[in-house]
Trainee: 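Below you'll find the structure I mean.
All heavy atoms count here, side chains included; hydrogens, waters and symmetry mates do not.
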Amino acid sequence: MLDIQQLRTDLENIASRLTKRGYTFPVMQFNSLEAQRKSIQTHTQELQAKRNATSRQIGIAKQKGEDVTAIMTEIAHLGDELKQAENQLEHLQTELQQILLTTPNLAHDSVPEGNSEADNLEIRRWGSPRLFDFAIKDHVAIGEQLRLLDFETAAKLSGARFNVMKGGLARLHRALAQFMLDTHIQEHGYTEVYVPYLVNADCLRGTGQLPKFEEDLFIAHPGGNSHPDSAILTDQDSCKLHLIPTAEVPLTNMVRNEIIPREQLPLKFVAHTPCFRSEAGSYGKDTRGLIRQHQFDKVELVHIAHPQESYEALEQLVSHAEKILQKLELPYRVMALCTSDMGFSAAKTYDIEVWLPAQNAYREISSCSNCEAFQARRMQARFRNEKGKPELLHTLNGSGLAVGRTLVAILENYQQADGSVTIPSVLQSYMGGLDRLTIEGGK
RNA sequence: GGAGAGAUGGCCGAGUGGUCGAAGGCGCUCCCCUGCUAAGGGAGUAUAGGCUCAAAAAGCUUAUCGAGGGUUCGAAUCCCUCUCUCUCCGCCA
């Protein structure tokens with residue numbers, strides 16, 4: 001959420017900066033609502049002040065035993081007038097709030113301008129793609145031939161965009177998550193956190209998924225839709241829980257409505273969770289394989305930082321995610337997303353893209369963003385600054401990494417001519433010493 | 001699932017219709033006193049808005065006592081709904 005003060009005083013500048021992100025801010029509507037809000041709020045508060053003063057007088061008069069009927073008749077219709085004004089004001093505030101809640105964050109000055117992902121800027125590359133002297137298979141072919149990856153069974157259980165992994169592959173998947181968590185808590189100073197996978201609407205509003213992107217989420221009603229309360233309470237947040245689309249949501253919302261002591265900053269959290277996404281807008285995209293699933297695991301990194309330190313924190317966050325790929329010896333590149341390619345809440349985003357031989361391309365495996373105060377303002381997440389006053393924090397998040405996609409990268413980059421897959425050396429201890437996935441070993 | 005108790009400022013805690021944004025205490029900040037330390041005296045100490053103002057400062061003002069409704073001229077206080085916490089019983093991975 002943007003700062004409404006800033007919008008009032010610097011509207012044209014902000015609107016033009018949002019245009020660079022491909023967002024058209026409703027300037028006229030905002031101005032008109034603001035003008036109305038101003039006059040009606042002033043009017044409302046005058047009426048409230050009058051009511052308060054009069055009521056106080058009545059109290060004093062009654063204590064003295066004086067007759068109050070004169071004062072009472074004087075403000076007889078104040079109540080109705082006030083109620084009407086309050087209703088109008090509330091209506092306007094809601095509309096303004098709606099605009100604020102659906103306006104994306106402003107891009108940081110260092111973000112490259114652009115109209116599509118083609119305008120993203122490559123920052124650096126690490127490693128070089130392996131040369132193959134046999135026909136490269138994609139991860140689906142590799143996994144299915146090893147009989148460790150089973151989309152047919154997954155479809156029977158749940159439908160498209162789900163997967164079933166077995167044997168060594170399931171274990172490798174688990175090993176990856178463990179390895180990532182261990183690296184972040186032991187080498188990068190993160191606090192491991194276990195979080196709920198179902199969260200309330202306030203959380204999703206806090207991180208920016210709601211109200212704009214509800215169609216991307218899965219919703220869970222207690223007792224399902226036949227729940228006796230669901231008919232009446234459908235619109236209320238209380239009976240609606242959403243499956244988390246990323247652990248960013250619960251991790252970041254841990255500081256919602258909190259004031260964090262300065263000396264505790266930065267907070268660095270890591271969690272391994274499943275993520276659930278409806279992928280409503282991506283029909284026909286990445287339909288093959290593990291790349292785009294309704295359910296996938298991710299190890300998520302979140303920083304809660306002092307505003308002056310958040311851009312330094314972003315660089316650290318990216319380097320922490322990169323470290324995982326380096327240890328796994330997977331080639332990757334780091335991209336600075338351009339203005340039009342960034343997510344709703346981000347002020348600046350780096351994507352890490354891993355090399356996938358079968359696609360002959362780098363594909364996103366991590367996205368690391370500094371949201372500055374955008375989420376913190378929605379969440380009222382603050383710290384006590386040097387003057388002792390509460391001030392909005394900066395929040396950052398990044399994948400460290402997406403486990404499913406990392407698995408894809410390992411299968412494809414470590415595939416062998418005989419159809420087996422060697423296991424990266426850092427993972428072998430997590431696999432009971434196993435160094436290779438084979439058909440025989442998968443049983 | 002059954003029975004009961006509760007939710008007040010950074011913390012503890014008083015407050016059951018009227019100058020209550022809220023006593024008192026702790027903590028914190030500043031000042032005074034004091035060889036040092038300890039003790040003592042005084043002042044201050046919530047948050048988010050709005051308006052005035054070029055701006056700062058300041059002033060005026062509104063809202064907030066778990067959340068949302070209601071009653072009332074007036075609600076921390078009364079009524080309703082919800083959420084959460086605690087105690088006891090039952091059930092349970």
Side-chain angles (χ1 to χ4, degrees), chain A residues 1-10 30 33-97 99-101 194 196-203 205-206 221-223 227-241 253-265 373 376-393:
Chain A
M1 199 158 72
L2 301 180
D3 183 0
I4 193 160
Q5 310 282 8
Q6 218 184 330
L7 276 166
R8 285 180 188 135
T9 54
D10 198 18
F30 179 82
L33 285 170
E34 256 297 291
Q36 290 178 68
R37 189 226 96 229
K38 191 165 168 171
S39 86
I40 287 173
Q41 181 161 1
T42 309
H43 181 229
T44 306
Q45 294 191 350
E46 275 168 7
L47 292 175
Q48 285 171 329
K50 189 174 175 187
R51 179 204 59 196
N52 290 348
T54 314
S55 296
R56 215 168 291 146
Q57 276 176 32
I58 292 172
I60 295 166
K62 274 199 170 178
Q63 274 181 346
K64 289 181 185 162
E66 292 169 6
D67 181 41
V68 293
T69 48
I71 317 177
M72 297 280 268
T73 51
E74 190 192 323
I75 53 156
H77 42 260
L78 189 75
D80 290 338
E81 209 183 329
L82 180 58
K83 186 155 277 180
Q84 200 197 340
E86 281 174 340
N87 286 341
Q88 277 181 42
L89 181 61
E90 197 193 328
H91 184 72
L92 285 166
Q93 302 274 35
T94 308
E95 282 192 61
L96 280 164
Q97 191 69 4
I99 292 177
L100 285 178
L101 284 173
Y194 175 83
Y197 304 157
L198 292 168
V199 295
N200 59 36
D202 286 339
C203 288
R205 228 183 331 270
H221 297 275
H227 190 268
D229 290 342
S230 65
I232 334 160
L233 296 174
T234 299
D235 294 332
Q236 290 192 7
D237 299 340
S238 58
C239 77
K240 235 196 222 175
L241 291 173
N253 274 280
M254 291 206 293
V255 296
R256 176 156 48 90
N257 292 322
E258 298 289 336
I259 298 175
I260 309 295
R262 171 78 179 86
E263 59 274 15
Q264 283 180 21
L265 299 177
R377 190 171 291 110
R378 292 170 160 248
M379 295 190 298
Q380 281 304 298
R382 297 171 294 175
F383 71 103
R384 225 166 260 289
N385 66 18
E386 290 68 13
K387 290 177 190 159
K389 290 292 165 199
E391 191 183 327
L392 292 171
L393 288 157

Trainee: Tell which nucleotide pairs with B/G59, taking only Watson-Crick or G-U wobble pairs whose two distances are both under 3.5 angstrom.
Mentor: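 The answer is B/C51, by the H-bond criterion.
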
Trainee: Check this for me, if you would: do A/Asp80 and A/Lys83 make a salt bridge, where the nitrogen-to-carboxylate-oxygen distance has to be below 4.0 angstrom?
Mentor: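 A salt bridge is absent here (no side-chain N lies under 4.0 Å from a carboxylate O).
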
Trainee: Check every atom of B/C51, B/U19, B/G49 against the side chain of A/Thr42 and return the nucleotide holding the closest atom.
Mentor: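 Ranking B/C51, B/U19, B/G49 by closest atom to the A/Thr42 side chain puts B/C51 first.
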
Trainee: Could you walk me through whether A/Gln88 and A/Gln36 pass side chain to side chain contact (heavy atoms under 4.5 Å, CB included), step by step?
Mentor: CA-CA 9 Å; A/Gln88 277 181 42; A/Gln36 290 178 68; over 6 Å; no

Trainee: If you apply the rule salt bridge (Lys or Arg N to Asp or Glu O under 4.0 Å), what do you find for A/Arg37 with A/Glu34, and how did you get there?
Mentor: CA-CA 5 Å; A/Arg37 189 226 96 229; A/Glu34 256 297 291; 2.7 Å; yes

Trainee: Answer yes or no: does a side-chain N or O of A/Arg37 lie under 4.0 Å from OP1 or OP2 of B/C51?
Mentor: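 Answer is yes, contact under 4.0 Å.
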
Trainee: Let's see if you can work this out: which of B/U19, B/A63, B/U61 has an atom nearest to the side-chain heavy atoms of A/Gln48?
Mentor: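 Looking only at heavy atoms from C-beta outward on A/Gln48, the closest nucleotide is B/A63.
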
Trainee: Classify the nucleic acid contact of A/Ile58 as base, sugar-phosphate or nothing, counting any heavy atom under 4.0 Å across all strands shown.
Mentor: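 The residue A/Ile58 makes base contact.
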
Trainee: Between A/Arg51 and B/A63, is there a contact of a side-chain N or O with OP1 or OP2 at under 4.0 Å?
Mentor: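 True: A/Arg51 side-chain N/O within range (under 4.0 Å) of B/A63 OP1/OP2.
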
Trainee: How far does the C1' atom of B/A14 sit from the matching atom of B/A23, given to the nearest Å?
Mentor: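 These two C1' atoms come out 6 Å apart once rounded.
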
Trainee: Just call it for A/Lys389: base, sugar-phosphate, or nothing, with non-hydrogen atoms closer than 4.0 Å on any strand.
Mentor: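 Sugar-phosphate contact only - A/Lys389 comes under 4.0 Å of backbone atoms but never of a base.
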
Trainee: Given that A/Ala49 and A/Gln5 both sit by RNA chain B, which one's nearest nucleotide is further toward the 5' end?
Mentor: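 Final value for this comparison: A/Gln5.
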
Trainee: Over all heavy atoms of both residues, which pair between A/Glu95 and A/Leu33 is shortest? Give the atoms and the distance, please.
Mentor: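 Looking at all heavy atoms of both residues, the shortest contact is OE1-CD2, 3.7 Å.
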
Trainee: Between B/C30 and B/U37, how far apart are the P atoms? Round to whole Å, please.
Mentor: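 My reading of the P atoms in B/U37 and B/C30 gives 15 Å.
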
Trainee: Measure from the side-chain heavy atoms of A/Arg384 and tell me the nearest of B/U62, B/C51, B/G10.
Mentor: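 Nearest listed nucleotide: B/G10.
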
Trainee: Tell me what A/Lys38 touches on the nucleic acid: a base, only sugar-phosphate, or nothing, going by heavy atoms under 4.0 Å.
Mentor: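 Sugar-phosphate: the residue A/Lys38, judged by heavy atoms under 4.0 Å, touches backbone atoms but no base.
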
Trainee: Pick the nucleotide of RNA chain B nearest each of A/Ala53 and A/Gln63; which residue has the one closer to the 5' end?
Mentor: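 It is A/Gln63 whose nearest nucleotide is closer to the 5' end.
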
Trainee: Across the strands shown, which category fits A/Glu34 at heavy-atom distances under 4.0 angstrom: base, sugar-phosphate, nothing?
Mentor: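 If one applies the 4.0 Å heavy-atom cut-off, A/Glu34 turns out to touch nothing in the nucleic acid.
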
Trainee: Just do the side chain to side chain contact (heavy atoms under 4.5 Å, CB included) check on A/Val199 and A/Asn253 with the steps written out, would you?
Mentor: CA-CA 10 Å; A/Val199 295; A/Asn253 274 280; over 6 Å; no

Trainee: Base, sugar-phosphate or nothing for A/Arg382? Non-hydrogen atoms, less than 4.0 Å.
Mentor: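 Sugar-phosphate contact only - A/Arg382 comes under 4.0 Å of backbone atoms but never of a base.
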
Trainee: Which nucleotide sits closest to the side chain of A/Pro390: B/C73, B/U62, B/U47?
Mentor: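 From the listed options, B/U47 comes nearest.
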
Trainee: With a 3.5 Å cut-off and just heavy-atom distances, do the side chain of A/Gln45 and the base of B/G49 make a donor-acceptor pair?
Mentor: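 Between B/G49 and A/Gln45, which were checked side chain against base, a qualifying N/O pair under 3.5 Å is present.
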
Trainee: OP1, OP2 of B/A63 versus side-chain N and O of A/Asn52: anything below 4.0 Å?
Mentor: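 Answer yes for this pair, as a side-chain N or O of A/Asn52 is under 4.0 Å from OP1 or OP2.
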
